[in-house]
Amino acid sequence: MIEKKDNLTKTRRRGRGWLAVWGPGLLVMLADTDAGCLITAAQSGAQWGYTMVLPQLVLIPVLFMAQEMTVRLGIITQEGHGTLIRKYFGRGWAWLAAVTLGISAVGALLTEFIGIAGVGELFGVSKWITIPIATAFLVGIAFLGEYRRVEKIGVMVGLAEFAFVIAMVMAKPQLGDLMRGLVTVPWRNSSYVYLVAANVGAVIMPWMLFYQQGAVVDKHLTAADIPQERRDTAVGTLITQAIMIVFIVTFAATVGKHGGSEAFATVGQMATALAPYLGELPANLLIGTSLLGGSLVAALVVALAGTWGLTEVLGWPHSLNEPFNCKSAGFYLIYIGAHVIGAVLVLANIQLVDLAVTVEVINALLVPIVLGFLLLLEAKALPDQYRMHGWYRLVATTLCLLVMAFGLYMVGPMTHLW
């Protein structure tokens, strides 16, 4: 019976081609360009102009190689990231990864809900309306009964980020300025180096690793699907970095070109900064659409990643393909709880500045831990034919170690902000 089901699944997958496999890579990469990342990109362009484009290009192979490892780990072992850490390194290390992941996920959800509230306020809509509606939407998605449906909705929502391409065209960036920025690296400026370090530390979010590995398992992908899923991840990587570059270029060609270097802390500040160049309504519409898409898809992915990670460590059932019942109740309740906690904290107007700094420090510490586990699992949990070899292994390991070093570098400066 199982063999017949597997054969039927393979036949259907061959019939639908890449559409049956693609999705986890696209979705997790669209989530990577969340409200916090897009605000950082806007600030990078406003403060440092086109010089911040080069770091985004350099980060493309780092992001792809790290996520590609989760593809092979998930498909070959058919187990999530948290499960493998528990299996190969013990429950203590698994709990460390799960607890810090949970804190990081709630912190990221706060950022997304603040972004959603900010978009509503651009158009005079109270957060008491936007936040409950967004929470209900995100919770409802999980009860659609199948991971594939959740994935399709998430990708469609995330594609709204491309609306900002219109803003870049309206900003009329000059190719000559862009080319000069690509060869200008003010590495002696500590502010520039710190901002680059922040971008490097943020490009590989811990929840991204947990999400994509859990997603390929929940999607029942097989070893034959690895090449297609790699392409899915590669295209997603190019898309997320392209969106970051679009934001940088737009703000470099407008605010940055006219000497603006104010810090953007809210969606409203970004729109206000662009309004003199694009017009108030276009600025509000384009920033609102792109940030709303990024915030919603990131909230979905972050909550799922945190839920998968925690339930994997606990050894509970953890699949969106399982309907809500006594057996799967823990999975769904954790997912719902993550959204509700984020929404309540934003609605309660709790002072979030200190919490945001704490979350950034945790993320910086967690990146070396999670990437370290990722490299070790790739070497221990996979059969030899599915491991990295030769120059690819050397490059991937070196890039991961550099990102880990940047993560540790960020901890010191940020702790001084407490």
Side-chain angles (χ1 to χ4, degrees), residues 32-60 63 111 114-115 118-119 121-123 160-203 238-295:
D32 191 29
T33 44
D34 64 354
C37 286
L38 294 180
I39 290 176
T40 299
Q43 179 60 39
S44 297
Q47 185 173 352
W48 289 102
Y50 298 102
T51 62
M52 271 295 176
V53 173
L54 180 61
Q56 300 302 325
L57 295 174
V58 172
L59 290 173
I60 290 174
L63 184 55
T111 302
I114 290 171
V119 171
E121 289 166 359
L122 282 179
F123 304 98
E161 296 176 52
F162 278 102
F164 208 72
V165 173
I166 299 173
M168 185 182 71
V169 173
M170 294 176 66
K172 299 178 181 178
Q174 299 299 307
L175 181 60
D177 293 338
L178 174 59
M179 297 307 294
R180 281 189 291 274
L182 288 174
V183 295
T184 302
V185 184
W187 58 272
R188 293 185 178 181
N189 190 303
S190 59
S191 177
Y192 175 84
V193 173
Y194 180 72
L195 191 54
V196 170
N199 277 277
V200 172
V203 75
L238 293 175
I239 286 175
T240 189
Q241 291 306 97
I243 292 171
M244 291 289 284
I245 290 171
V246 164
F247 267 76
I248 291 172
V249 168
T250 302
F251 279 85
T254 52
V255 183
K257 189 174 182 179
H258 294 84
S261 60
E262 60 180 293
F264 301 131
T266 67
V267 176
Q269 289 175 0
M270 292 172 62
T272 300
L274 275 187
Y277 311 100
L278 307 184
E280 183 177 351
L281 182 59
N284 287 351
L285 283 174
L286 295 174
I287 283 195
T289 301
S290 54
L291 262 76
L292 182 62
S295 296

Residues passing the side chain to side chain donor-acceptor pair (under 3.5 Å) test with Glu121, sequence neighbours excluded, are none
Roughly how far, to the nearest 0.5 Å, is CG of Leu63 from CG of Leu238? 9.5 Å
Applied to residues 34-47, the salt bridge (charged side-chain N to carboxylate O under 4.0 Å, His left out) test, sequence neighbours excluded, yields none
Does any non-hydrogen side-chain atom of Met170 lie less than 4.5 Å from one of Leu286? yes
Supply the atom-to-atom distance Gln43 CD to Phe251 CZ, rounded to the nearest 0.5 angstrom. 9.5 Å
To check you understand the geometry: which heavy-atom pair defines the closest contact between Ala253 and Ala171, and what is its length? CB-O, 4.0 Å
Distance col, row Glu161:CD vs Leu38:CG, nearest 0.5 angstrom, shows 6.0 Å
I want to check something: taking the side chain as every heavy atom from C-beta on, are Ile245 and Leu57 in contact at a cut-off of under 4.5 Å? yes
Mind checking whether Phe123 and Leu285 have side chains closer than 4.5 Å, heavy atoms only? yes
Less than 4.5 Å apart, side chain to side chain, heavy atoms only: is that true for Pro186 and Thr51? yes
Val249 side chain near Tyr50 side chain, heavy-atom distance below 4.5 Å: yes
Taking side chain as C-beta onward, heavy atoms only, is Met270 less than 4.5 Å from Phe247? yes
Leu291 CG to Thr33 OG1 distance, which is reported to the nearest 0.5 Å: 9.5 Å
Looking at OG1 of Thr111 and CD1 of Ile39, how far apart are the two atoms once the value is rounded to the nearest 0.5 Å? 8.0 Å
Checking Gln174 side chain against Lys172 main chain: does a donor-acceptor pair fall under 3.5 Å? yes
So CD1 of Ile243 and OG of Ser290: to nearest 0.5 Å the spacing works out to 9.0 Å
Could you walk me through whether Phe164 and Ile287 satisfy the side chain to side chain contact (heavy atoms under 4.5 Å, CB included) test, starting with their C-alpha distance in whole Å, then the side-chain angles of each, then the deciding distance to 0.1 Å, before giving a yes or no? CA-CA 7 Å; Phe164 208 72; Ile287 283 195; 3.4 Å; yes
Could you walk me through whether Tyr277 and Val255 satisfy the side chain to side chain contact (heavy atoms under 4.5 Å, CB included) test, starting with their C-alpha distance in whole Å, then the side-chain angles of each, then the deciding distance to 0.1 Å, before giving a yes or no? CA-CA 8 Å; Tyr277 311 100; Val255 183; 4.0 Å; yes
Would you indicate whether the side-chain heavy atoms of Asp177 and Arg180 approach each other to under 4.5 Å? yes
Could you walk me through whether Ile239 and Phe162 satisfy the side chain to side chain contact (heavy atoms under 4.5 Å, CB included) test, starting with their C-alpha distance in whole Å, then the side-chain angles of each, then the deciding distance to 0.1 Å, before giving a yes or no? CA-CA 9 Å; Ile239 286 175; Phe162 278 102; 3.5 Å; yes
Gln56 and Val53: side chain to side chain contact (heavy atoms under 4.5 Å, CB included), yes or no, with the steps? CA-CA 5 Å; Gln56 300 302 325; Val53 173; 5.6 Å; no
